[in-house]
Amino acid sequence: LDVHLMIEQPDRYAKNFVDAGADYLTVHTEADHNLAETLKAIRSYGARPGIVIKPATPASDIEPFVSLFDMILIMTVNPGFSGQGFMSEVVPKITEVQHILQAHHSDALIEVDGGITSQTLPTTYDAGARVFVAATAIFKHPGGIAAGVQELRQSVGA
């Protein structure tokens, strides 16, 4: 279970989410907290820590923390609400993050969230993402949920 905490002071709530069953717990680099300490705490609670960066956040902001997280979520929309359009200008950041991870010999997963469809998923996959969050493409697919999932899988040959 991958839980994305889009909240201020995530350190105050992290243990509750891990206790509730979170396997991965991702927190925003921009939130009000000591990021390194929060990531260490998440790991000490038994979950895999992750970080989230918004579209405007530079990829280089993650470098001091690479050894502390197991997943990075790159937002491909501005956080807020479902159904927003994919921001293609974020794709080069996915590749940049992949290069940063490789330079640090990190096997952290790259996740993307926002505007993921059968048209945008292959682009993010080719850039290095391996975990995908999709809502509208699945839950509002004209053929139903199963058809939405199948269409996404087929878009990358899975």
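What you see below is based on every heavy atom in this structure, not just the backbone, and it leaves out hydrogens, waters and symmetry mates.
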**OP:** Decide yes or no on side-chain hydrogen bond (donor to acceptor under 3.5 Å, both in side chains) for Arg153 and Gln150, but give the supporting numbers first.
**Re:** CA-CA 5 Å; Arg153 285 184 172 151; Gln150 184 62 24; 4.9 Å; no

**OP:** Check step by step if side chain to side chain contact (heavy atoms under 4.5 Å, CB included) holds for Ile110 and Val131.
**Re:** CA-CA 6 Å; Ile110 299 174; Val131 180; over 6 Å; no

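Residues His104 and Glu63 are in side-chain contact: their nearest non-hydrogen atoms beyond the backbone lie under 4.5 Å apart. Proximity of Phe69 to Thr29: side-chain heavy atoms (C-beta onward) are nowhere separated by under 4.5 Å. Between Asp2 and Thr26, some side-chain heavy-atom pair lies under the 4.5 Å cut-off. Counting heavy atoms from C-beta on, the side chains of Glu37 and Asp11 never come closer than 4.5 Å. Put simply, the side chain of Asp70 reaches to within 4.5 Å of the side chain of Arg43, judged on heavy atoms.
For Lys93 (side chain) and Pro55 (main-chain N/O), a donor-acceptor pair under 3.5 Å exists by modelled atom type. A donor-acceptor pair under 3.5 Å is formed between the side chain of Gln84 and the backbone N or O of Asn78. Listed for the Arg130 side chain is a donor-acceptor partner under 3.5 Å among the backbone atoms of Tyr125. When atom types are taken as modelled, the side chain of Asp113 and the backbone of Met75 share no donor-acceptor pair closer than 3.5 angstrom. Judged purely by atom type and a 3.5 angstrom limit, Glu111 has no side-chain atom pairing as donor or acceptor with the backbone of Phe132. His141 places a side-chain N or O within donor-acceptor distance of the main-chain N or O of Gly143, the cut-off being under 3.5 Å. Panel note: side chain Thr76, backbone Gly114; a donor-acceptor pair is recorded below 3.5 Å. Checking side-chain atoms of Thr57 against main-chain N and O of Glu30 turns up no donor-acceptor pair under 3.5 Å.
Listed here is the closest heavy atom pair of Ser118 and Leu152: N-CD2, 3.5 Å. In this structure, Gly115 and Val77 approach most closely via the heavy-atom pair N-CG1, 3.9 Å. Of all heavy-atom pairs spanning Ala31 and Pro10, the tightest one is CB-CD, 4.0 Å. For Val18 against Ala47, the heavy-atom pair with the smallest separation is CG2-CB, 3.6 Å. Of all non-hydrogen atoms in Val27 and Leu35, the two that sit nearest each other are CG2-CD1, 3.8 Å. Taking all atoms of both residues into account, the shortest heavy-atom contact from Pro64 to Ser60 is CD-O, 4.0 Å.
Distance CZ/Phe65 to NZ/Lys40: 10.0 Å, rounded to 0.5 Å. Atoms CG and CZ, from Asp32 and Arg12 in turn, are 10.0 Å apart once rounded to the nearest 0.5 Å. Of the inter-residue distances, the one linking Thr117 atom OG1 with Phe86 atom CZ reads 8.0 Å to the nearest 0.5 angstrom.
Open room surrounds CG on Asp107; 12 or fewer heavy atoms of other groups in view lie less than 6.0 Å from it. With a 6.0 Å radius and a threshold of 12 heavy atoms from other residues, nucleotides or ligands, Phe17 has its CZ atom at or below the threshold.
Hydrophobic clustering (side-chain heavy atoms under 4.5 Å, transitive across Ile, Leu, Val, Met, Phe, Trp, Tyr) keeps Leu39 apart from Leu73. When the side chains of ILVMFWY residues are joined at heavy-atom separations under 4.5 Å, either directly or via intervening members, Val133 and Ile145 end up in two distinct hydrophobic clusters. Grouping the Ile, Leu, Val, Met, Phe, Trp and Tyr side chains by contacts below 4.5 angstrom, directly or via other members, places Ile72 apart from Tyr24. Both Val66 and Leu25 are members of a single hydrophobic cluster when ILVMFWY side chains are connected at heavy-atom separations under 4.5 Å. Residues Val52 and Met71 do not share a hydrophobic cluster, defined by chaining ILVMFWY side chains whose heavy atoms lie under 4.5 Å apart.
The only option from Asp61, Val90, Ile74 that meets the side-chain contact (heavy atoms from CB on, under 4.5 Å) definition with Ile53 turns out to be Ile74.
Between His28 and His4, a ring centre-to-centre spacing shorter than 6.0 Å is recorded.
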